[in-house]
Every structure is written in structure tokens, then in C-alpha cells.
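This report concerns only the one structure given below.
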Amino acid sequence: MDNRNHVRCSLPRLAIVGAAVVVLVSLAATPAASHGGPDTGVHSNYLIIVRKPYEYDTNVYKNVSSWHASLVASVCDMAKEALESDPSSVSRLIYSYRNVVNGFSARLTTEEVAEMEKMDWFVRAYPEKTYQLLTTHTPQLLGLMGPGSRRGASAGVWNTSNMGEGVIIGILDDGIYAGHPSFDGKDMKPPPAKWNGRCDFNKTVCNNKLIGARSFFESAKWKWKGLRDPVLPINEGQHGTHTSSTAAGSFVPGANVFGNALGTASGMAPRAHIAFYQVCYVEKGCDRDDILAAVDDALEDGVDILSLSLGDEQADDFSDDPVSLGGYSAAMHGVLVSAAGGNTGPGPSTVVNEAPWVLTVGAGTTDRRFVASVKLGSDITLDGESLSEPKNFGDEMRPLVRDVGDGMCTSENVLRAMNVTGKIIICDAGGDISTAKAKLVLRAGAAGMIVVAPQVFGSVIVPRPHALPTVQVPFANGQKIKAYIRATQNVTANFIFKGTVLNTPKSPIVAPFSSRGPNRRSRGILKPDIIGPGVNILAGVPKIEDIDLAPNAEMPKFDIKSGTSMAAPHLSGIAALIKNAHPTWSPAAIKSALMTTTDTTDNLRKPISDVDGTPAAYYAIGAGHVNARKAMDPGLVYNLSAADYVPYLCGLGYTDQKVNSIIHPAPPVECGKMMKLEQKDLNYPSITAILDKEPFAVNIDRSVTNVGTASSTYTVEVNVPATLSVEVKPTTLEFKALNEVLNYTVSVKTASGQAPASAIEGQLTWSSGKYVVRSPVLIIPGTGAKSSASAVAKQPTGGT
Ligand SMILES: *[C@@H]1O[C@H](CO)[C@@H](O)[C@H](O)[C@H]1NC(C)=O
Ligand SMILES: *[C@@H]1O[C@H](CO)[C@@H](O)[C@H](O)[C@H]1NC(C)=O
Ligand SMILES: *[C@@H]1O[C@H](CO)[C@@H](O)[C@H](O)[C@H]1NC(C)=O
Ligand SMILES: *[C@@H]1O[C@H](CO)[C@@H](O)[C@H](O)[C@H]1NC(C)=O
Ligand SMILES: *[C@@H]1O[C@H](CO)[C@@H](O)[C@H](O)[C@H]1NC(C)=O
Ligand SMILES: *[C@@H]1O[C@H](CO)[C@@H](O)[C@H](O)[C@H]1NC(C)=O
Ligand SMILES: *[C@@H]1O[C@H](CO)[C@@H](O)[C@H](O)[C@H]1NC(C)=O
């Protein structure tokens, strides 16, 4: 049997002395003690939320950790075990939280949890849970894996005084390759004096760029065997190295992947400091309680921004996941949380990390492609992309075949029987990642491979380096190639490699995988908030996975990845630049600056498209695509303090218990004794109203803070379809001073007086001569009426 089943309750040493005994004895008199018997149940990890703030017991327990330990001990067999407690026995307390929740995580049996439920201090027990990193999971699903390019911060943001100096970005991820050139500290100043964190690498590894590095696995180690103790976040961490270097990597000249995307790589805030917290483990995931512990410490360490490229789809409400819980505490500490919105698009209601105090980031494409064409014997040329460009592929036409097995090139036996020697083979997405197929196809003797992207990807390709010359083509082009094969006797093809092409038209478009609204946990708050570059992003990695190098070939130190995981650190880095320029701004003000200054058109000046070519809905892009230059100086902000979310949570109908488990360590509240706030009236930079009651009219309140020019006058402009009638009062805002706050009210009703048939999109813009402050306006029917992300009435083009 697993010897963990014999882990005994250990008592905090404090509990054995003096007054503590009195308390423990009285706890022992509860039904827990009568449970009796040796501790033989199966233990697993639980997060336990408790009622009383630890101050309650300060007479007895010097700190929260010993109080939590006593609570664990109180359900163990006190009489037999506790007082003769073996000091070497393993404590069952895993983490004692100080900031993120009022509670602890511990190894407990179901019987012990049942005993706890009877205690007056007990609030809630959560069984263990695993979160995932949010790089595209499409490889398994679709036979592809995403690569890409980085879109630099817009010219003009970086200047001699602002590349993120003095700002600390905390990154929770799967590990970091500390020796990477992106984390070179030589041009960096020491971290600010407030930095209170630590580096668990030995001294040679951390520097003024990578100022902190720790691993959190106290909870994970119980569920995943083989996690060594201690696991330092070194050398592991494809994902964490990529996200960290995207947010704040130093300048690295000559970065490329096999000659593609060649240029100087850097993060969005190249002079910001990185504090790294390892909470995820390769091929396993990220344990909830380890995530909470990392956020708990990061807030005390002094981070300014938290970048979280992880999440989970199944969460009941905001009291139920670590990003919401930790994110609220972060807001209280003035720390902005930038989190990936998920990769389970393009279906509706797929967005994650959707609490209003978190910046929820979706992904768009960039204007860089790695162009390669398939030339057919019929003289037709069809474009795709490639990161596997051989030096001399030659220009002779080669026989073209399709896989006669499952069409997806997953069986080496089939490939051998087909005799693909010297031929180009076309393979559908699916079954396995395309890099694995490349190895089969190469072993079978093929000269080249065409991979057809899934239909849902539209024109978006996420190229990978493959073991043999490979062109990845959009679904539509794949159909044309197959039609040619069907219609022709002696089919041939060749590849034409065109290399890295910049300024490709119709960029950005929304990434097919980027998760979509509506927000399942708060339908009246539009999510995602914003999109950023998340397709084919070049950034640092320890090495490229899944590639066989030629002898003596140098392993590239950069690779291309796709996912909202890649978009979130772009926003984290840009937020660091805003934080540097405006150190006193609240997280909500930084978020507002990002959201009210977005681009809503692509590089052809057309509305940003979705994968199907139609204008992207707000549920896909939120406020739009980040514009770093404009976000530095937004004119007005929609500000919020952490306390402003409390009446909002009460307005969502949360019980006092749930509200208090989220807002810890703020003093507990009773919703019944305060004004509740409807979702529409939370002072959010986007405006959403649910019209579900006669007479289908609402008033929406907003406050704007002047952070632009002291004396300035803004006038409002509203663009909505004719099915809505919108009035704003007042129509002019005259500011006399910086940081002055003025209010306005938006009155919305349907022109027909009937419920809206589907979601209606518009926008509201405050303009001074110098600034344009835009909010998306989304009016939606009640859940009873028909509504879906695909049935969105588009606002008329034009207007702004
Ligand atoms: C809290 O008390 C425990 C047990 O006495 C001790 O191990 C721990 O270091 C203390 N923590 C702090 C922050 O004082
Ligand atoms: C640099 O940019 C910041 C805003 O990002 C601005 O406040 C500052 O004045 C600029 N400094 C220089 C030297 O241009
Ligand atoms: C520091 O860590 C590196 C990488 O793990 C290791 O190679 C080196 O021996 C360590 N140095 C010391 C002094 O422990
Ligand atoms: C496979 O095809 C190649 C080229 O067409 C040919 O040289 C070879 O003999 C074939 N092998 C088999 C086993 O048929
Ligand atoms: C097939 O096409 C190739 C290239 O166009 C040509 O060299 C070859 O002779 C053709 N074979 C047959 C059987 O027509
Ligand atoms: C926003 O509100 C916070 C908290 O009340 C305050 O500290 C800050 O000064 C306000 N203004 C801005 C621009 O952040
Ligand atoms: C704006 O509204 C807030 C409440 O939402 C109120 O406290 C404040 O006094 C108002 N400010 C002005 C200038 O009317």
C-alpha cells in the first residue's frame, strides 16, 4: 500500500505548550475525536476555506500557519496521536494561505473532511484540481502545432526612459531556461528596493533580469509521482521560457528559427524584471493549490504585474478558481493580472479567466507569414506556410500522392506499402501532431509533405519545423489539391519556398482557437477584454521539441508557438510599460487604458475579421486589438478599486460566504446590508446591458477619470444599429483638473419596445481634440431569448 496512507496528523509544536492545549482539548471534545481509530483512510489534497479570520485566535496562535495546522489536527485522532505526536511525522498541512484565500490546503481523508464540515469554522472544501497551460492544444486535436511571429510593440512606445524599468512581472508557468540569452542581466539595473522575493537557483543563475525563481509543488507532488523534491525551475519549461521572454525578454540579435523570422528578439518590456514561479509540470498540469501558493507569495514579494497563461474551463463561479481568487487579492495589492482567455474557440461560451478584476486576453494573428507555395502539375500555385525550408529542394516536379490509409498519414505500414519514395504526400490534419507524421513520412522515403489545416482554421496556419520539407496549407487549398489528384492521371507537384513575409494583408484576424464569450459566470461583463498577438509568436525556448537536427546543426534557441498563452504575456509586458509611465495607476486604470485605445480595424482598414472572413464579434475580440502606443496615454480611464467589486459580487447573487471567500483578506461583508450593484453598472471600460424585462430599457452609469490634459472637453458619439435608441447624459464632459472624476449615464432602449432578437453591437466614444476613448456597447437579450455568438447583429460600418 501507498505509505502515504500512514501519514499521521502532526501537531504544530506551539499546540503542545501552554494555553494552546486548552483549545486543542476543547476541539478534541468535538465529534472529530470520537471518530477515533488510526488514520487509515486514503488521503488526498483538499483546499479548505475557513470562516474566522486568524486574528480570532491570535491569543493562542502566533500566526495563521499554526492556526491552520491546529484546524487540521482537530479532526485527527487527538487522543491517541496528537499529544504524543512524533515530531518527525509529516505535517498534513500543505499550504497555509495568507492573501489569496482564508484557508489552507491539506492531505485529508473524506472522513476527515466530513468531520470538518461540522466545525463552526468550516466554510467549504474543494477536492484537488488540475489546470492547464493555454498553448494551443490543437496539435493533438488537429494534427498541427502553432508557430508564428512577434509583432513588436508599436514604434514610439519604447524610449530612453521607458522599456519597463523598475517594473516586476511575476510569471506563473512550467519552468524557465535561465541560461537563455533573453534573460541576460547585463544591461539591467538592480530590482527596486521593494523586491522581497527569492531565487532558489544557485547564485550564478539569477541576475537583474531574472530576479526570482521558485517552484511550487507541495501539492502537486502528492498527485504526480516523479516530481522530485526540490524541483528547480531550470531547463524545464518550453512554455515558461516562451511566455517570460515574450513579456520581458532582453534584446537578442539574430533570433530566428532555421533562418525564418530573423531579427532582434525582445519582450514587450525589455527592461522589466522577471520573477518566475513554477506551478506547472510538463505533461501533468498545474495544481490549483500550488497556483494559489505562488500568487500568495508573489503578492508579498512585490510583483507589479502577474502573467497567467493557464486556466480551466470548469469553474462554477468566481469563488471556485485560483485565477479569480488570486486575481482579486492581486487587485487589492494594486497588481494587474493578465490572463489567457483560453484556446477552446471558436465556439460560444468558451472563454476562461473571466472575472472582471482580471484582464482576459484573446489571440489574434500577426502580419508575418512564412510563405511557401505548392505548385501543381496543372500549373496552379496554392499558398501555404512552412518553417521547414530546405536549402536546395530543386525545381523538378515530383509525383504527388494522397495517403490511402486514413488520409492523415498516421500508419507507417500503409505509407511503406504505398511506396512514397521520392514523392510528395498530402496528409489531412488529425490523428497525431504533424511533426510526428513528418518522421513517419520521412522514414517511408517521401521527399515532401503537404499538411492540410482543419477547416475551422480558415486562412490561419500555425507552421512547425518538420523533419522533411513540408508546406502547411489552409483547408480550402487542400481541397483544391485533392480535386486535382482525383481529376488527373499523372499528378505532380513541387514546393516554392518564399521565406518570411511581413506586412501580410488582412492582419490581424482572430485566431480560430481563441476562446469566445459570452462570459459564463457574469454574462453582463463582456469577455474576452482584448486580443493580442497569439499566433506564430517567436520567443525564447530551451530547444525546439520534436525535431531531429542534422549532425553539427545548432539547436535554435527560439521557436514559434501559438495560443492565448502567447497573447497574455504580450499584454503583461505592455502593462509593465504603462505601469512604468504611470506608477500610481490602479490595475483597473491600466486595464482601461489598454481597452479604450484598441484597434478595431486590420491593416487594410477593414473591421478585424474572424476566421470565416466576416467581421469579428465582440465575443471574439472584446474591445479590440491592443494598440500599445495609444494605451500609454489614454486621456480618460474607467477606474475601480478592489472594494468596488464587492457590491458587484453581491449583485450577482453570491452568498455572503462566497463573497467573503473571494474578497479575503478584506473585512467580511454582509450583502444584505449594502447597496448591490448590477453588472451593467460596474465601472467597466466596455458596456454590456441585458435587456430581459419590459419595457426593454435600462440606464447605465459610468465614471471617467481625467488622466490626459488637465483642462479638456470631451464630447460623446454613439454608433448603434437603428434597432436601438441610445441617449447619453451629459453629452459633454468638461474637466478642469487631472484626476477629476465625472459621471455620465447611458439610456438604452430597443426602438421597437420589444426584447432584442439577438446581441446588438455598437460603440460609445468620448473625444477631445487629442484623445479618443472608445467603449464597445453590447446589448443582449435575456437567456430565455435566442442568442449566440454567431447570431450577432453587426454595427453599421462607418461612424468612427
Ligand atoms: C508560523 O508558525 C509556524 C509554526 O510555529 C512556524 O513554522 C512558521 O515559521 C511561522 N511563520 C511565520 C511567518 O512566522
Ligand atoms: C517616454 O515615454 C513616456 C511615456 O511612455 C513619457 O512619459 C516620457 O516623457 C518619454 N520620455 C522621453 C525621453 O521621450
Ligand atoms: C548551479 O546550478 C547549475 C545548474 O543546475 C549547476 O550546473 C552548478 O553546478 C550549480 N553550482 C553550484 C555552485 O551549485
Ligand atoms: C518505389 O518507387 C521507387 C521510385 O519510383 C522505385 O525506385 C523503387 O524500386 C520502388 N520500391 C518498391 C519496393 O517498389
Ligand atoms: C508524369 O509526369 C512527369 C512530369 O510531368 C513526366 O516526366 C512523366 O513522364 C509522366 N509519366 C507518365 C506515365 O505520363
Ligand atoms: C483609481 O482608483 C484607485 C483606488 O481607489 C486610486 O488609487 C487611483 O489613484 C485612481 N486613479 C487612477 C488613475 O488609477
Ligand atoms: C459620480 O457618481 C458617484 C457614485 O457613482 C458619486 O459618488 C459622485 O459624487 C458622482 N460625481 C459627480 C461629480 O457627480
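The residues of the chain are indexed from 1 along the displayed sequence. Atoms within a ligand are numbered from 1 in the order they appear, just like the ligands themselves.
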Strictly by modelled atom types, are D321 and S324 linked by a side-chain donor-acceptor pair under 3.5 Å?
yes
Parallel, tilted or perpendicular: rings of H582 and W585 (30°, 60°):
parallel
According to the interplanar angle, ranging from 0 to 90°, do the rings of F495 and F393 count as parallel (below 30°), tilted (30 to 60°) or perpendicular (above 60°)?
parallel
Contacts table for ligand 6: protein N or O within a distance under 3.5 Å of ligand N or O, distances only.
{"from": "ligand 6", "atom 1": "2 (O)", "to": "N639", "atom 2": "OD1", "distance (Å)": "3.3"}
{"from": "ligand 6", "atom 1": "2 (O)", "to": "N639", "atom 2": "ND2", "distance (Å)": "2.3"}
{"from": "ligand 6", "atom 1": "11 (N)", "to": "N639", "atom 2": "ND2", "distance (Å)": "2.8"}
{"from": "ligand 6", "atom 1": "14 (O)", "to": "S586", "atom 2": "N", "distance (Å)": "2.9"}

Distance alone, cut at 3.5 Å: any donor-acceptor contact between the side chains of N413 and S411?
no
Sub-3.5 Å N/O-N/O distance, N743 and ligand 7
yes
Do D432 and K439 sit within salt-bridge range, that is, some charged N less than 4.0 Å from a carboxylate O?
no
Indicate the ring-plane relationship of W357 and Y648, choosing parallel, tilted or perpendicular according to the 30° and 60° boundaries.
perpendicular
Can you find a side-chain donor-acceptor pair between N639 and S586 that sits under 3.5 Å?
yes
Report yes if N419 has an N/O atom closer than 3.5 Å to an N/O atom of ligand 4; otherwise report no.
yes
